[in-house]
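Working notes for the structure below.
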Amino acid sequence: MLTPEQATQWHHDGYLVLPGFKPAAATAAACRRAAEIVAAFTPGAETGTFSTRDRSRVADAALLASAEAVHCFFEEEACDEQGRLVVPKERAINKIGHALHELDPVFDPFSHGPELAALAADLGLKQPQVWQSQLIFKQPHIGGEVGWHQDGSFFETTPQTVTTFWFALEDATLDNGCLWVQPGGLASPLRERYLCEPTPQGPRLRMEPLDRTPWPGTGDAVPLPVPAGTLVVFGGLLPHYSAPNRSPRSRLAYTLHATCASAAYSARNWLQRSPALPVRGFA
Ligand code: FE2
């Protein structure tokens with residue numbers, strides 16, 4: 001249950017920081033499971049970075065297939081021209097997605113339960129639909145910057161309802177690439193939209209510009225350094241970014257993206273579900 005101050009901050013700033021949302025045992029189990037998934041993953045032709053002839057089409061296919069699977073994505077520079085890993089895979093991993101919350105025995109219970117269902121209701125998600133889960137790695141020393149963006153670009157609904165649930169599985173600091181947000185920035189328009197379009201050669205993915213409103217300046221950004229176990233929630237129009245990790249410590253985060261079932265989910269969103277894996281809520 002949100003306090004009145006939290007409810008006010010949610011509506012005014014567009015984000016909330018909830019320390020201690022997950023107990024230490026849960027974040028430790030999640031970190032162990034992430035390492036197990038990476039250890040068990042065998043890079044292959046489906047990996048997406050592994051084609052010299054048509055990398056982007058293979059990458060598109062890999063992303064689309066991951067909507068209903070648990071798939072490891074590597075840093076592009078971790079592979080050579082033939083698509084072979086040139087660094088140890090546990091150091092090359094960029095993210096794992098996008099159906100951990102449906103298919104994984106650890107991340108399914110991590111992603112569901114009465115606490116999350118109650119929080120979603122407090123945030124205004126009356127009938128949440130949890131479309132996506134991601135383990136996002138920031139590798140020590142080489143973890144890259146993720147520039148300003150709005151998560152609404154990837155989950156178009158009418159009206160806009162997507163809400164991000166960002167769990168720190170390890171301490172996120174100024175040095176290892178914590179989140180930065182623009183408080184109140186959710187009043188700005190959606191600047192771009194990620195589309196999946198049919199072509200004779202198969203579906204293609206592209207970012208479409210929508211609005212020329214500039215991204216915030218660094219002076220508008222507030223860092224959110226948080227200890228492991230913290231949940232950061234923010235609305236789909238809130239501009240945010242994360243800085244590179246130049247520190248010797250990794251920064252592992254887990255995210256969920258949920259929309260409201262009463263809002264129309266665009267057929268052009270890249271992430272669609274088949275009847276075999278229907279989208280569900282937090283309960
Ligand atoms: Fe994001």
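Order of appearance sets the numbers: ligands from 1, and atoms from 1 within every ligand. Note: hydrogens, waters and symmetry copies are ignored here, and every other heavy atom, side chains too, is used.
- By the 4.0 Å N-to-carboxylate-O rule, Glu208 lies too far from Arg268 to be salt-bridged with it.
- Atom-to-atom distance recorded for Leu271:CG and Phe154:CZ is 12.0 Å, nearest 0.5 angstrom.
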All N/O donor-acceptor pairs, side-chain side in residues 230-240, below 3.5 Å, sequence neighbours left out:
from: Thr230; atom 1: OG1; to: Pro227; atom 2: O; distance (Å): 2.7
from: His240; atom 1: ND1; to: His149; atom 2: O; distance (Å): 3.4
from: His240; atom 1: ND1; to: Leu238; atom 2: O; distance (Å): 2.9
from: His240; atom 1: NE2; to: His149; atom 2: NE2; distance (Å): 3.0
from: His240; atom 1: NE2; to: Asp151; atom 2: OD1; distance (Å): 3.1

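- Of the charged side-chain nitrogens involved, none lies within less than 4.0 Å of a carboxylate oxygen, so that Glu170 and Arg249 do not count as a salt-bridged pair.
- Within a radius of less than 2.8 Å around the Fe ion (ligand 1), the protein N, O or S atoms are His149 NE2, Asp151 OD1, His240 NE2.
- When all heavy atoms of Leu190 and Gly152 are compared, the closest pair comes out as CD1-C, 3.7 Å.
- Aromatic ring pairs are classed by plane angle as parallel below 30°, tilted from 30° to 60° and perpendicular above 60°; the pair His71 and Phe41 is perpendicular.
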